[in-house]
Amino acid sequence: MFNKRTKIKALLSHGVVDQEVVVMGWVRTFRNNQFIALNDGSTSQNIQVVVPLGSVDEALLKRITTGASLRIEGKLVASLGKGQSVEVLANLIEILGDSDAEKFPLQPKKHSLEFLREIAHLRFRTQTFGAVFRIRHALAFAVHQFFNERGFVYLHTPIITASDAEGAGEMFRVTTLPMDGSAPRNEDGSIDYKEDFFGKSTNLTVSGQLEGELGAMAFSEIYTFGPTFRAENSNTTRHLAEFWMIEPEMAFCDLEDNMNLAEAFVKHLIGYAMEHCADDLAWLDTRLAEEEKQKPQQERQEMGLVEKLKFVLDNDFERITYTDAINILLQSPAYKKKKFQYEVAWGIDLQSEHERYLVEKHFKKPVIVTNYPAKIKAFYMRMDDGCEPGKETVAAMDILAPGIGEIVGGSQREERLERLEARMEEFGIPVEEMSWYLDTRRFGTVPHAGFGLGFERMVQFVTGMGNIRDVIPFARTPKNCEF
RNA sequence: UCCCGAAUAGCUCAGCUGGUUAGAGCAUCUGACUGUUAAUCAGAGGGUCGCUGGUUCAAGUCCAGCUUCGGGAGCCA
């Protein structure tokens, strides 16, 4: 019975007028005791179901409320009213599931994002979140398409890990030991993880990169795309405790190749969304424009959402070295007028305000900053040759996007064993425990590079959503693990 | 974690320098209308003013602490 149904997207795009159809979906609004706006999630568009006057008894009519699920048999006809080209003239209406109008929290009106966040289990049924999560899906698909077309192998790196060497942040502990104080102890009073499930201390992964490198040393190119966990007490619009990250890793690849791939990748994702999610982007574009109107003129974005995406697609990303970036900042009017809260000097880590200045004020487009000081970057990044003593840099690159900040972080990896070991020692990383990683450098090491792209930040960028909690179905953040 | 701000009806918000019975729009319910586009019109119901304590003759309003939420910063993707 159900497989006879036509999805609303199909009906609206290529439905044949005067044909008998079956549609199913949820009621968005019911106007005039006669017009049902029905949505099944296949598109942001609703289909209008017309209930012929007097054809349905009062009791059933009263059950057609916002949120109720319906099965409609009827005929697709050209619409008499404005606002839609076709509609379904119903001859049978079946209520699949009632929705108590007094209790269902979604109303046919504009709700705040904050309120919808509290009812995240229902917010998919709104226009905005429908659009956001259809786009999220499209982007996920485009990730696989991009790498598949280029011969990358999708490698499933582990989620539970024993290495805490990446140093990408605080980790969530994974254990089956009792938490009531009765866990087995060593002689010095510390917990004896030899008795734990894995026989050692384990955590949730903060990055699949190190394992990814192992794959790249066999398949040439791999990528990972999976959940990542950081136990940082971050309370911002761009951090989650559980998020999804894409990490390609390429053998026979240097920093420039890495940048070229990252830029092509970001553009592919944007282009895919623009091609396949035009409806949803148009809705979000309008929503954002209305939001912008509420803001004072100075704080408004110069470009609309679609305009911004097109602009990013059509222009090369600016590529500058960290040293150039510092010089630009030092010569900026903002610096001279002492507008920066944090100091600017070679060797500092770029602060949010500095990145924003470069991206939003100076270049007004995505910027790739390269060759950061070695001291502020991770141990595995390749030391640049021929540096002035005291000004050693590494082959790192960050892509900074307007409004989001760092969307990609990557580097060419240190492939020279002695150099890598020296760096690990410097960073206090136990070389013996990482022997498996160092084997890549012992046996057929090659120049290689890779990067990590925060998937939610990419979804934020494409959808224009300001808060990262609104682009993941169920956000996990400090003090919040609902649903 | 730090800084700033907020918390009043189901939702969005108003409530002035403390003053007697806390309002509006939307939603809901009842009725009317019927080619509507967040339908419209008339009426009704709906409140522990986040929590705890304090100041005062009197607190939604002032003060302190707590909780939650939002914005910014740090950590990063």
Side-chain angles (χ1 to χ4, degrees), chain A residues 28-37 45-54 61-62 65-67 77 79-84 87 89 99-119 126-127 166-170 206-209 225-247 262 295 299 340-342 349-356 376-378 398-401 404-410 451-461 466-472 477-480 482:
Chain A
R28 283 289 171 81
T29 68
F30 184 32
R31 289 183 292 267
N32 222 346
N33 259 4
Q34 202 181 167
F35 303 102
I36 305 167
Q45 242 97 41
N46 304 322
I47 191 141
Q48 172 154 290
V49 176
V50 181
V51 184
L53 281 171
L61 224 49
K62 284 215 189 304
T65 55
T66 302
V77 296
S79 180
L80 293 175
K82 287 173 189 163
Q84 61 278 317
E87 61 195 17
L89 191 60
S99 174
D100 185 342
E102 292 206 55
K103 291 180 184 148
F104 187 61
L106 291 172
Q107 305 159 8
K109 62 169 272 188
K110 195 174 173 182
H111 287 292
S112 67
L113 295 176
E114 290 83 1
F115 172 65
L116 293 170
R117 227 168 273 156
E118 288 170 19
I119 51 163
T126 64
Q127 289 289 87
E166 221 261 333
E170 292 296 311
V206 292
S207 164
Q209 182 200 314
F225 185 4
T228 308
F229 307 87
R230 306 261 168 100
E232 299 286 346
N233 190 10
S234 295
N235 294 288
T236 77
T237 54
R238 52 188 190 286
H239 288 88
L240 293 164
E242 176 185 282
F243 63 101
W244 289 67
M245 185 156 65
I246 296 135
E247 295 178 289
K295 292 183 186 169
E299 290 170 29
F340 292 133
Q341 201 189 324
Y342 291 87
D349 210 350
L350 294 178
Q351 301 293 317
S352 255
E353 57 178 357
H354 305 142
E355 296 182 350
R356 291 187 94 100
I376 60 173
K377 287 289 180 183
D398 286 354
I399 301 185
L400 311 175
I404 311 283
E406 188 177 339
I407 196 164
V408 166
F451 62 84
L453 175 132
F455 186 58
E456 282 76 19
R457 289 189 184 173
M458 189 68 212
V459 180
Q460 272 189 283
F461 187 74
N467 194 317
I468 200 164
R469 295 162 200 215
D470 294 332
V471 299
I472 189 164
T477 51
K479 302 279 179 290
N480 173 34
E482 290 300 307

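Chain letters run A, B, ... following the sequence lines, proteins first, then strands; residues in each count from 1. The shown structure was predicted, so the numbers you read here are calculated from the model rather than taken from an experiment.
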Partner residues of A:D398 under the salt bridge (Lys or Arg N to Asp or Glu O under 4.0 Å) criterion, sequence neighbours left out: A:K377
Partner residues of A:R469 under the salt bridge (Lys or Arg N to Asp or Glu O under 4.0 Å) criterion, sequence neighbours left out: none
Pair assignment for RNA chain B - dot-bracket with | for other-strand partners, Watson-Crick or G-U under 3.5 Å: (((((((..((((.....[...)))).(((((.......))))).....(((((..]....))))))))))))....
B:G60 and B:G50, which share atom name P, separated by this distance in whole Å: 10 Å
Residues forming a salt bridge (Lys or Arg N to Asp or Glu O under 4.0 Å) with A:R238, sequence neighbours excluded: none
B:G72 phosphate, OP1 or OP2, under 4.0 Å from A:T236 side-chain N/O: no
Please list, pair by pair, any protein nitrogen or oxygen found under 3.5 Å from a nitrogen or oxygen in nucleotides 42-47 of chain B.
none

Polar side-chain contact A:N33-B:U36 base: donor and acceptor under 3.5 Å: no
hbond_proxy A:Q84 side chain to B:U36 base (donor-acceptor, 3.5 Å cutoff): yes
Whole-Å C1' distance, B:G31 and B:C69: 40 Å
Heavy-atom donor-acceptor pair, A:Q107 side-chain to B:G10 base, under 3.5 Å: yes
Detail all sub-3.5 Å separations between protein N/O atoms and N/O atoms belonging to nucleotides 66-70 of chain B.
{"from": "B:G70", "atom 1": "OP1", "to": "A:R117", "atom 2": "NH1", "distance (Å)": "2.8"}

B:A9 and B:G15, which share atom name P, separated by this distance in whole Å: 15 Å
